[in-house]
Each structure stands twice: as structure tokens, then as C-alpha cells.
Amino acid sequence: MKQKLLAPSILAGDFSKLGEEIKVVEEAGADIIHLDVMDGRYVPNITIGPPVIKSLRKITNLPFDAHLMIVEPEKYVDDFIDAGVNMISFHLDATIHAHRLVEHIKSRGVKAGIALNPSNPVSTLEEIIHFIDYVLIMSVNPGFSGQKFIPEVLNKIPKLKKLMEDTGRTDVLIEIDGGINKDNITQISQMGVDIFVAGSSVYGASDKKEAVRILKEKMNVFVV
Ligand code: DX5
Ligand code: ZN
């Protein structure tokens with residue numbers, strides 16, 4: 001079994017003290033830091049870009065997972081890689097030549113992922129699955145933290161697992177993003193998800209360290 005990884009999203013944190021927000025989850029055992037990049041075009045919100053990420057890179061050695069919710073991500077991926085990110089996901093409908101972009105990201109030593117909106121079917125991955133490192137299944141519509149989890153997206157997990165098996169790509173990691181909390185993380189983990197993004201369930205908690213600890217414990221609970 002692959003290792004389960006928790007990736008707190010700083011989108012739900014206090015932007016006046018992002019360094020501290022990262023440190024607190026790192027000390028609590030976070031595995032990855034999820035960075036939500038929004039351009040006000042692909043999604044109706046604007047967040048952070050390479051200069052902020054470059055500053056944050058100095059304060060932690062945890063892997064940075066950049067979730068690009070921007071149009072024409074090919075124009076900016078090098079800036080994000082230069083800023084120190086380790087994983088980049090983008091949305092298929094935000095770019096024309098997804099395969100070229102995936103190959104470019106990987107050629108720079110960074111993991112490449114494809115993000116699926118709730119309305120995007122797994123079948124859109126049929127050709128690109130051969131080339132990617134991970135799939136990010138959005139369980140809310142991208143744009144904001146604190147939204148309600150959409151349970152129907154879980155139907156995609158067995159379909160994705162079948163596609164991975166049919167194509168010999170069982171090494172592809174599955175990430176889920178949006179509305180993940182202590183009440184749904186165990187069920188989702190048991191379905192075979194590897195990476196769990198958690199925004200408001202970590203940064204909205206009165207005790208962030210305890211929230212990380214509980215999520216990690218619950219994502220590793222298995223029925224024997
Ligand atoms: C939404 C972002 C998510 C978000 C998750 O567009 O991609 O990463 O920050 O926040 P929660 O966990 O609060 O849904
Ligand atoms: Zn995200």
C-alpha cells in the first residue's frame with residue numbers, strides 16, 4: 001500500500017503570517033504544503049504567485065504542491081518551478097497542449113498532475129494517464145476554501161483506479177481536494193486516495209496541530 005499523505009492548504013490560513021501557518025502544520029506532521037494559485041480568470045478568486053512561494057520556500061523543506069487554477073499555465077510553470085515547487089497540477093481545460101506541458105514539467109524534475117473539476121469525467125484522462133504522476137480530484141468547485149464536500153465525486157475513484165489498472169499506471173497517485181474533514185477522510189482513504197488536501201478543517205480549527213494529528217490518524221484507519 002502507498003503511504004497516505006496530508007497536504008494542508010494555506011488558502012484557509014492567515015495570509016498575514018503564512019510562514020507561521022506552514023510551520024505549525026509542519027510541526028504537527030503535515031507531509032506536503034498545498035498551494036492554491038488562482039488568477040481571477042480560471043476561477044473567481046485571486047491568490048498568490050511565484051514571489052510569495054519563493055519566500056515561503058526558505059522556511060520549510062516540506063514538498064510544495066502547486067495547484068494551478070489559472071488559464072494558460074504553460075506561461076507560468078517555469079516561474080513556479082524556479083520558486084521551488086515540487087509538484088504542479090493544472091486543469092485540462094486551461095491549456096491546449098496538455099501533453100507538452102506535462103512533459104515540460106517532468107523534464108524539470110517536478111511531478112506533474114491533472115486536476116479534475118467536479119464536472120470533468122475520468123474519461124478525459126484516458127490518453128494523458130500514460131504520462132502523469134498524479135490526478136487531483138476536486139471535491140468542490142475550485143475557487144474558495146470552506147465549501148461543502150460534493151459526495152458524488154467519489155464515484156470517480158473506482159473509475160480512475162480501473163483506468164490506472166487498464167493502462168498499467170497503478171503508480172499514479174490520487175489526490176483529493178475540497179471539503180475534506182475528520183468525518184469523511186477515513187471513508188475516502190479506504191477507497192484508495194493517497195493525498196488529502198485540507199484547508200478549513202486544519203486552519204479553521206481552534207487547535208491546528210490537533211486537527212492535523214486527527215486527520216492523519218483517521219486517514220490511516222483501515223478495516224481488516
Ligand atoms: C479550492 C482549493 C482547495 C481549498 C481547500 O479551490 O483548490 O485546495 O483550499 O479548502 P477546504 O479544505 O476548506 O475545502
Ligand atoms: Zn487546491
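For the single chain, residues carry numbers from 1 onward in sequence order. Note that ligands are numbered from 1 as they come in the structure, with each ligand's atoms numbered from 1 the same way.
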Could you tell me if the side chain of Phe196 sits less than 4.5 Å from the side chain of Lys218, heavy atoms only? no
Is Pro142 touching ligand 1 with its side chain, its backbone, both, or neither, if touching means heavy atoms under 4.0 Å apart? both
Asp65 and His67: side-chain donor and acceptor closer than 3.5 Å? no
Evaluate the side-chain proximity of Ile128 to Leu125: yes if any heavy-atom separation is below 4.5 Å, no if none is. yes
I want to check something: taking the side chain as every heavy atom from C-beta on, are Leu160 and Leu116 in contact at a cut-off of under 4.5 Å? no
Here the N/O/S atom of Asp36 closest to the Zn ion (ligand 2) would be OD1
Can you name the atoms of ligand 1, numbered from 1 with element, that are less than 4.0 Å from a heavy atom of Gly179? 11 (P), 12 (O), 14 (O)
Is the shortest side-chain heavy-atom distance between Asp36 and Asp177 below 4.5 Å? yes
Could you list which atoms of ligand 1 come closer than 4.0 Å to a heavy atom of Met69? 6 (O), 7 (O)
Ranked by distance from atom 1 (C) of ligand 1, the top protein heavy atom is Phe144 O, 3.5 Å
Considering only protein heavy atoms, which is closest to atom 2 (C) of ligand 1, and at what distance to one decimal place? Asp36 OD1, 3.3 Å
Atom nearest to the Zn ion (ligand 2) - His67, N, O or S atoms considered: ND1
Counting only heavy atoms not in Lys182 (residues, nucleotides, ligands), do more than 12 fall under 6.0 Å from its NZ? no
Mark up the atoms of ligand 1 that fall under 4.0 Å of a heavy atom belonging to Val197, in ascending order. 8 (O)
Could you identify the single nearest non-hydrogen protein atom to atom 6 (O) of ligand 1 and state the distance to 0.1 Å? Gly143 N, 2.7 Å
Tell me the protein heavy atom at minimum distance from atom 10 (O) of ligand 1, and give that distance in Å. Ser145 CB, 3.2 Å
Looking at Asp177, which of its N, O or S atoms is the nearest one to the Zn ion (ligand 2)? OD2
Against heavy atoms of His34, which atoms of ligand 1 measure under 4.0 Å? 8 (O)
What do you reckon, does Gln147 have a nitrogen or oxygen under 3.5 Å from a nitrogen or oxygen of ligand 1? no
Per-atom contacts of ligand 1 with Met138, taking only distances under 4.0 Å to non-hydrogen atoms: 7 (O)
Pair Asp14-Ser16, side chain to side chain donor-acceptor pair (under 3.5 Å): steps then yes or no: CA-CA 5 Å; Asp14 181 340; Ser16 71; 2.7 Å; yes
How long is the gap from CD1 on Ile33 to CZ on Phe64, to the nearest 0.5 Å? 6.5 Å
Quick one: look up the protein heavy atom nearest atom 5 (C) of ligand 1 and list residue, atom name and how far away it is. Asp177 OD1, 3.6 Å
Best match, Ser89, Gly199, Ser200: closest heavy atom to atom 13 (O) of ligand 1: Ser200
Decide if atom CZ of Arg213 counts as having more than 12 heavy atoms of other residues, nucleotides or ligands within a radius under 6.0 Å. yes
Closer than 4.0 Å to some heavy atom of Gly146 - which atoms of ligand 1 meet that? 11 (P), 13 (O), 14 (O)
When you compare the side chain of Pro50 with that of Asp82, does any pair of heavy atoms fall below 4.5 Å? no
What do you reckon, does Ser201 put a non-hydrogen atom under 4.0 Å from ligand 1? no
Proximal heteroatom of His34 relative to the Zn ion (ligand 2) (N/O/S): NE2
Gap between atom CG of Asn184 and atom CD1 of Ile176 - 0.5 Å precision: 8.0 Å
Would you check whether Phe149 reaches within less than 4.0 Å of ligand 1, judged by its heavy atoms? no
Separation of Leu5 CG from Tyr134 OH (nearest 0.5 Å): 12.0 Å
Can you list the ligand 1 atoms lying under 4.0 Å from a non-hydrogen atom of Met38? 6 (O)
Just jot down the ligand 1 atoms closer than 4.0 angstrom to any heavy atom of Gly178, in number order. 14 (O)
Heavy-atom check, side chain of Lys75 versus side chain of Ile70, under 4.5 Å: no
